[in-house]
Chemist: 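Before we start, here is the structure in question, set down as structure tokens.
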Amino acid sequence: MNKLELLLKKVRNRNTESRRPHLEAASNLGSATKGTTPRQNDTIVRPAQSCAEPAAPTEMEFTVKYITDSEEAAAIAETEFDSELSIGVDIETMKMSQYKSHSRAGLSPHLSRIRLLQACQTLDKVYVFDIPKTGLEPLMPILTGPMVAHNARFEMSHLYHSGIEISQIDCTMLMYNALRGGTINLKDLTKQLLDLDISKEEQASDWSLTELSSSQIQYAARDAWLVFRLYPILKSKLEEQQKMKVYELLREAQFPVMKMEYNGCHFDASTHWLLMDRIKEDLEAAKIRLKAAVGPNVSLTSNKQLSDHYKKVLDPKILKKWPRTEKGDDLCLDKRAVQKFTHVEVVEPLVRYKRFQTLVQNFGSKLLSDINPVTGRIHPEYGLGAAKTGRFTCSKPNLQQIPHEKEFRDLFSAPNGRKILVADYSQIELRVLAMLAKELTMLEAYRNGEDLHRLTAASMAGIPPDDVSGEQRRAAKPVNFGIIFGMGSQGLSNHARDKYNVVMTPREAKKNIQAFFEKYPAVEAWGNNNKKSAAVYRFVETKMGRKIRVDKPHTQSRNYPVQGSAGEVMLAAIIELDREIAASGLDIKMVNIIHDEIVLEVAATDAEQAKDLLERAMINGMLRVFPEAHTTGLVEAGVGDTWGEAK
DNA sequence: GGCAGCCGCGCG
DNA sequence: AAAGCGCGCGGCTGCC
């Protein structure tokens with residue numbers, strides 16, 4: 001036993017006596033009763049006295065120890081923390097001066113420096129380390145032990161940038177997500193669980209000041225204290241409500257997701273310029289034609305003005321048939337409505353104009369502005385489990401909505417000497433539906449590696465699967481997917497036309513839905529059962545036990561379990577993938593996740609091995625969530641120099 | 001000038 | 001009789 005272990009043991013004994021966090025805090029999370037009324041003096045925050053003797057911990061009362069000396073930091077890190085008890089951690093970052101005005105300064109690790117690291121393991125005391133002065137090395141005893149933070153991926157990424165890999169850390173935001181879905185900030189979580197009102201005013205203050213104010217230091221300390229206080233409350237709720245499996249998926253996914261954000265996507269900016277020049281020419285031409293049609297006084301980007309204009313000039317017979325917007329009585333000018341009236345001369349130019357306008361607006365210079373000045377790459381933010389169903393979200397920019405056109409996806413290319421590797425799950429939602437509903441005919445088809453669209457087409461047409469034509473198979477796709485959404489006949493008819501270019505009258509759609517349910521009766525029974533139960537309990541559950549609130553029982557009770565469970569498969573896949581990458585020693589970086597698709601950037605020489613590894617990881621991800629899954633034809637992978645090529 | 005709701009559209 | 005799921009984001013519009 002070395003010196004450090006001895007010291008830790010000593011501290012541990014001391015800590016176990018009387019310094020356990022108290023767990024009696026009032027909470028309305030998961031409680032059947034309404035929240036209690038706020039007490040009068042909850043908001044009192046006493047100023048910290050750095051040398052006061054700790055009193056019995058009460059609401060938000062703790063001392064703050066601010067450390068600027070590296071030897072003192074090392075001594076504290078070694079002696080004052082128990083390596084077996086989770087430490088509440090938080091960091092404050094400062095903008096690097098040369099990127100001060102960049103919108104991501106202070107947030108992106110590449111544009112920031114860690115200023116403070118706060119650590120709390122007893123309710124009476126918080127340590128605040130001034131990192132530029134102490135360095136991070138003295139804090140290794142803290143950083144190698146169990147930690148918890150709010151939105152811990154932030155801490156993870158900045159420490160990673162400083163050369164410290166923290167692959168496991170608890171996150172109070174994700175704990176909340178596993179219980180209730182969505183995201184929550186520390187202020188709201190504190191209000192919900194502790195019924196305390198806190199101010200986040202100092203969050204955006206200048207953390208690069210040589211002398212930080214006592215208010216800044218107090219603020220920083222408080223967040224670590226809160227996290228330490230919230231953690232045991234959330235943990236017991238997760239255990240009580242049996243949400244650990246969902247939470248563990250989220251927790252384990254943090255490290256791979258953080259690295260994906262940190263790596264970013266390579267982006268071919270010069271090709272982007274050429275592409276946009278071309279599209280802008282098309283847009284200008286379309287603009288001239290539309291202007292000629294509607295006159296110079298109508299703003300082409302204003303649907304309100306276009307609607308008013310068309311109302312004035314169009315034949316009343318046409319106007320009567322024209323669909324209206326949801327609220328208000330404007331003409332609906334979405335793609336479907338406009339395409340219905342392309343035979344009208346003044347309407348026709350609108351289709352092309354809208355398309356080019358969208359491309360320029362959403363995928364033009366905006367995309368260039370998202371290139372990180374340090375890495376030259378695009379680093380979006382992913383919301384882990386952030387969609388209501390538990391799927392990923394992606395923002396700043398949203399790389400999950402890049403247009404399909406190859407020319408756009410080709411912009412996401414591999415740097416020299418590297419390759420892009422793409423794999424997606426084939427029909428994952430249909431497979432998940434089959435397993436959740438235990439629909440034996442569907443499961444049998446997947447077991448035999450059969451084509452489910454063909455099978456559905458056969459029962460729709462009342463013929464043997466071998467006789468199904470390409471046309472008939474195409475018509476079956478929207479039926480299969482429509483079922484997942486709980487579509488009605490009108491909806492299916494529209495969907496078939498818009499997304500698959502398939503003509504299906506509502507009457508035919510109705511027949512097709514009936515044929516589907518005759519062929520796969522367990523799906524119908526499962527759907528009805530979900531609807532009934534959701535109408536009573538107002539929630540549904542995914543395979544791993546995520547509970548999701550349902551507002552519209554007919555559609556959502558069918559769709560949420562499917563979409564949510566498929567999301568869990570993706571989480572399991574990236575966890576497995578990260579493990580296998582580490583074990584293989586290959587040069588593989590994850591660069592994008594699009595719901596059922598993973599994009600990697602790999603060393604060219606590793607591409608073929610990486611492809612096998614990726615397929616294996618995705619299959620194992622599926623098996624972690626659905627051990628009973630049939631995996632024939634489950635994953636389709638490809639290699640190329642760009643995202644567009646690899647697909 | 002900031003904010004929220006609406007509309008519309010890209011993706012799965 | 002009704003019943004198309006989940007996102008992020010941009011421009012417009014009306015309101016404070």
Side-chain angles (χ1 to χ4, degrees), chain A residues 181-183 298-308 323-338 350-351 353-367 370 380-383 385-405 408-409 424-425 427-429 432-433 478 481-499 506 509-510 513 527-528 530-531 534-535 540 548 550-564 566-567 570 592-598 643:
Chain A
T183 58
V298 179
S299 164
L300 305 187
T301 51
S302 167
N303 284 337
K304 173 98 180 120
Q305 290 183 33
L306 283 167
S307 164
D308 288 346
R324 304 295 157 126
T325 55
E326 200 57 48
K327 323 257 157 142
D329 195 35
D330 296 328
L331 301 185
C332 172
L333 292 174
D334 69 14
K335 199 194 279 172
R336 183 200 302 174
V338 172
L350 199 48
V351 181
Y353 170 77
K354 274 181 170 270
R355 174 64 184 165
F356 295 132
Q357 172 66 18
T358 299
L359 291 179
V360 171
Q361 185 175 282
N362 296 349
F363 307 104
S365 55
K366 217 206 121 280
L367 222 39
D370 285 316
E381 267 179 38
Y382 291 85
K388 194 150 45 165
T389 53
R391 267 191 182 178
F392 279 100
T393 60
C394 181
S395 62
K396 290 176 281 179
N398 182 358
L399 292 192
Q400 293 177 332
Q401 56 167 181
I402 299 301
H404 281 138
E405 280 95 326
F408 275 96
R409 302 219 163 181
D424 68 345
Y425 283 114
Q427 303 174 9
I428 188 171
E429 295 203 330
V432 164
L433 173 66
F481 291 117
I483 297 298
I484 296 171
F485 296 145
M487 274 183 188
S489 46
Q490 184 64 52
L492 176 54
S493 168
N494 293 337
H495 179 72
R497 170 163 38 74
D498 297 342
K499 291 275 156 47
K510 190 169 184 181
I513 293 170
N528 290 339
N530 277 15
K531 180 178 174 174
V540 289
I548 311 172
V550 167
D551 302 316
K552 294 182 268 180
H554 178 85
T555 50
Q556 294 175 335
S557 73
R558 289 162 163 85
N559 182 251
Y560 285 0
V562 173
Q563 188 182 124
M570 179 51 86
N592 201 359
I593 293 173
I594 315 98
H595 307 303
D596 63 355
E597 174 180 346
I598 297 177
W643 184 15

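Chain A is the first sequence line, chain B the second, and so forth, proteins listed ahead of strands; every chain is numbered from 1.
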Chemist: Between A:Asp596 (side chain) and A:Asp424 (backbone), is there a donor-acceptor pair under 3.5 Å?
Modeler: no
Chemist: For C:dC12, does OP1 or OP2 lie under 4.0 Å from any side-chain N or O of A:Lys304?
Modeler: no
Chemist: Give the rounded distance in Å between these two atoms: CZ of A:Phe485 and P of C:dC7.
Modeler: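 Computing the A:Phe485:CZ to C:dC7:P distance gives 13 Å.
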Chemist: Over all strands shown, is A:Lys510 touching base, sugar-phosphate only, or nothing at heavy-atom distances under 4.0 angstrom?
Modeler: nothing
Chemist: Using whole Å, what does the distance between atom P of nucleotide B:dC6 and atom CG of A:Leu306 come to?
Modeler: 21 Å
Chemist: Would you tell me if any nitrogen or oxygen in the side chain of A:Gln556 comes within less than 4.0 Å of OP1 or OP2 on C:dG6?
Modeler: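 Checking C:dG6 against A:Gln556, a side-chain N or O does come within under 4.0 Å of OP1 or OP2.
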Chemist: Hey, does A:Glu326 reach any base, or is it just sugar-phosphate, or nothing, if we go heavy atoms under 4.0 Å?
Modeler: sugar-phosphate
Chemist: Determine whether any donor atom in the side chain of A:Arg336 lies under 3.5 Å from an acceptor atom in the base of C:dG4, or the reverse, and answer yes or no.
Modeler: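 Donor-acceptor pair under 3.5 Å: yes.
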Chemist: Check every strand shown and say whether A:Leu359 touches a base, only sugar-phosphate, or nothing at a heavy-atom separation below 4.0 Å.
Modeler: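 Touches nothing.
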Chemist: Just to confirm, is there a sub-4.0 Å distance from OP1 or OP2 of C:dC7 to any side-chain nitrogen or oxygen of A:Gln563?
Modeler: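 The answer is no; no side-chain N or O of A:Gln563 sits under 4.0 Å from OP1 or OP2.
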Chemist: Quick one: side-chain hydrogen bond (donor to acceptor under 3.5 Å, both in side chains) partners of A:Asp370, sequence neighbours excluded?
Modeler: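 Listed in chain order: A:Lys366.
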Chemist: Could you tell me whether A:Phe392 contacts a base, only the sugar-phosphate backbone, or nothing, with contacts defined as non-hydrogen atoms closer than 4.0 Å?
Modeler: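 Nothing, no heavy atom under 4.0 Å.
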Chemist: Can A:Tyr382 and A:Asn592 be counted as having a side-chain donor-acceptor contact under 3.5 angstrom?
Modeler: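 Indeed, the side chains of A:Tyr382 and A:Asn592 share at least one donor-acceptor pair under 3.5 Å.
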Chemist: Would you indicate which nucleotide in C:dA3, C:dG4, B:dG8 comes nearest to any side-chain atom of A:Lys531?
Modeler: C:dA3
Chemist: Distance check: side-chain N/O of A:Lys354 vs OP1/OP2 of B:dG8, anything under 4.0 Å?
Modeler: no
Chemist: Report the distance from atom CZ of A:Arg391 to atom P of C:dG8, rounded to the nearest whole Å.
Modeler: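 Value for this atom pair: 12 Å.
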Chemist: Separation of A:Gln357 atom CD from C:dG10 atom P, in whole Å?
Modeler: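 Roughly 13 Å, once rounded to whole Å.
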Chemist: For the pair A:Arg558 and A:Glu429, find out whether any cationic side-chain nitrogen is under 4.0 Å from an anionic carboxylate oxygen.
Modeler: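 No salt bridge links A:Arg558 with A:Glu429.
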Chemist: With a 4.0 Å cutoff (strictly under), does any side-chain N or O of A:Lys335 reach OP1 or OP2 of B:dC9?
Modeler: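 It does not, given that no N or O in the side chain of A:Lys335 lies less than 4.0 Å from OP1 or OP2 of B:dC9.
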Chemist: Are A:Thr555 and C:dG4 close enough that a side-chain N or O sits under 4.0 Å from OP1 or OP2?
Modeler: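 So the side chain of A:Thr555 is outside the cut-off, no N or O lying under 4.0 Å from OP1 or OP2 of C:dG4.
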Chemist: Is a side-chain donor or acceptor of A:Gln400 paired with a backbone partner of A:Ile593 at a separation under 3.5 angstrom?
Modeler: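 Yes, because the side chain of A:Gln400 sits within donor-acceptor range (under 3.5 Å) of the backbone of A:Ile593.
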Chemist: Taking pairing as Watson-Crick or G-U wobble with both contacts under 3.5 Å, can you name the mate of C:dG4, or confirm there isn't one?
Modeler: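 Across all strands, not a single nucleotide pairs with C:dG4.
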Chemist: Within the structure, does a side-chain N or O atom of A:Thr325 lie under 4.0 Å from either OP1 or OP2 of B:dC7?
Modeler: yes
Chemist: Think A:His404 has a side-chain N or O under 4.0 angstrom from the OP1 or OP2 of B:dC11?
Modeler: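 The answer is yes; a side-chain N or O of A:His404 sits under 4.0 Å from OP1 or OP2.
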Chemist: Determine the Euclidean distance between corresponding C1' atoms of B:dG10 and C:dA3; express it in Å to zero decimal places.
Modeler: 25 Å
Chemist: How would you label the contact of A:Gln305 with the nucleic acid (heavy atoms, under 4.0 Å): base, sugar-phosphate, or nothing?
Modeler: sugar-phosphate
Chemist: Which one, C:dT13, C:dC7, C:dC5, comes nearest to the side chain of A:Thr393?
Modeler: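 Among C:dT13, C:dC7, C:dC5, the one nearest the side chain of A:Thr393 is C:dC7.
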Chemist: At under 4.0 Å, does any side-chain N or O of A:Arg355 touch on OP1 or OP2 of B:dG10?
Modeler: yes
Chemist: Considering every strand and a 4.0 Å limit on heavy-atom distances, what is the contact class for A:Ile484: base, sugar-phosphate, or nothing?
Modeler: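 If one applies the 4.0 Å heavy-atom cut-off, A:Ile484 turns out to touch nothing in the nucleic acid.
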Chemist: Which sits closer to the 5' end of DNA chain C, A:Pro397 or A:Ser489, going by the nucleotide each is nearest to?
Modeler: A:Ser489
